[in-house]
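Below is one structure, written out as structure tokens; comments come after it.
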Amino acid sequence: QVQLVESGGGLVQAGGSLRLICAASGRTFNAAAMGWFRQAPGKAREFVAAISWRGGSPYYGNSVKGRFTISRDMAKNTVYLQMNSLKPEDTAVYYCGVSQQYIYTIRFNDYDYWGQGTQVTVSS
């Protein structure tokens, strides 16, 4: 079992920045990749970014490329999502997930564990 706790969400004006944090505990040594997804009201969960837990290049959804940066600290079992140049359309609940099987995947169903989510609201 892996437990994930997200934090760092909040209300920010357009053009501002936030840093989301995902703290993992439990059997994290089984993790292959960790990713961030988001879900806005009435919309499907959307891939944001992911990174291989043991190294390798991160990858991003098209809507956030150049603005968001994912990183991880294995010593702290933590993954970060630095979000810059935020737009109102970035408003959503952001979820952190762990995939135990796939090193590179953008598919929601490939992730085995999820946190409770953190709300990000960007005002115009």
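All values below come from the heavy atoms of this structure, side chains included, with hydrogens, waters and symmetry mates left out.
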If two hydrophobic side chains count as joined below 4.5 Å and joins carry through other members, does [X] share a cluster with [Y]?
X	Y	value
Ile106	Trp36	no
Tyr104	Met74	no
Tyr59	Ile103	yes

Side chain to side chain contact (heavy atoms under 4.5 Å, CB included) between Gln1 and Tyr113, intermediate numbers included: CA-CA 8 Å; Gln1 293 287 330; Tyr113 299 98; 3.4 Å; yes

Point-to-point distance, once rounded to the nearest 0.5 Å, from OG1 of Thr121 to CG of Leu86: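 CG of Leu86 is found 10.5 Å from OG1 of Thr121.
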
Hey, what do you get for CG (Asn77) to CD (Gln3), rounding to the nearest 0.5 Å?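 Here the interatomic distance stands at 11.0 Å.
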
Which donor-acceptor pairs under 3.5 Å do side chains of residues 5-21 form with protein atoms, sequence neighbours excluded?
{"from": "Glu6", "atom 1": "OE1", "to": "Gln116", "atom 2": "N", "distance (Å)": "3.0"}
{"from": "Glu6", "atom 1": "OE1", "to": "Gly117", "atom 2": "N", "distance (Å)": "2.8"}
{"from": "Glu6", "atom 1": "OE2", "to": "Cys96", "atom 2": "N", "distance (Å)": "2.7"}
{"from": "Glu6", "atom 1": "OE2", "to": "Gly117", "atom 2": "N", "distance (Å)": "3.4"}
{"from": "Ser17", "atom 1": "OG", "to": "Asn84", "atom 2": "OD1", "distance (Å)": "2.9"}

Derivation and outcome, side chain to side chain contact (heavy atoms under 4.5 Å, CB included), residues Met34 and Ile70: CA-CA 10 Å; Met34 295 186 72; Ile70 187 172; 5.9 Å; no

Test ring-ring contact (aromatic ring centres under 6.0 Å, His included) applied to Tyr60 and Phe68, step by step: CA-CA 8 Å; Tyr60 300 91; Phe68 291 10; 8.2 Å; no

Could you tell me which residues satisfy side chain to side chain donor-acceptor pair (under 3.5 Å) with Tyr95, sequence neighbours excluded, listed by chain and number?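 Checked Tyr95 against side chain to side chain donor-acceptor pair (under 3.5 Å); zero matches.
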
Side-chain donor/acceptor pairs under 3.5 Å, residues 47-57, sequence neighbours excluded:
{"from": "Ser52", "atom 1": "OG", "to": "Gly55", "atom 2": "O", "distance (Å)": "2.8"}
{"from": "Arg54", "atom 1": "NH2", "to": "Phe29", "atom 2": "O", "distance (Å)": "2.9"}

Going through the distances and angles, do Phe108 and Trp114 end up as a ring-ring contact (aromatic ring centres under 6.0 Å, His included)? CA-CA 10 Å; Phe108 166 75; Trp114 294 96; 5.1 Å; yes

Please check this pair: side chain of Thr105 against backbone of Tyr102, looking for a donor-acceptor N/O pair closer than 3.5 Å.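 No.
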
Judged by atom type as modelled, is there a donor-acceptor pair below 3.5 Å linking the side chain of Asp73 to the main-chain atoms of Thr78?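 No; zero donor-acceptor contacts below 3.5 Å.
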
After noting the C-alpha distance and the side-chain angles of Met83 and Tyr94, does the key distance pass the side chain to side chain contact (heavy atoms under 4.5 Å, CB included) rule? CA-CA 11 Å; Met83 306 186 295; Tyr94 283 70; 3.9 Å; yes

Determine, step by step, whether Val98 and Leu4 satisfy the side chain to side chain contact (heavy atoms under 4.5 Å, CB included) criterion, reporting the C-alpha distance in whole Å, the side-chain angles of both residues, the deciding distance to 0.1 Å, and the verdict. CA-CA 8 Å; Val98 166; Leu4 303 171; 3.7 Å; yes

If I compare all heavy atoms of Val79 with all of Arg72, which pair ends up nearest, and what's the gap?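 Minimum heavy-atom separation between Val79 and Arg72: CG2-CB, 3.9 Å.
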
Exercise: do Ser63 and Glu89 side chains pair donor with acceptor under 3.5 Å: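 On atom types as modelled, these side chains do not qualify, holding no pair under 3.5 Å.
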
Quick one: are Val120 and Arg38 in side-chain contact, heavy atoms under 4.5 Å?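 With C-beta onward as the side chain, the pair stays apart.
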
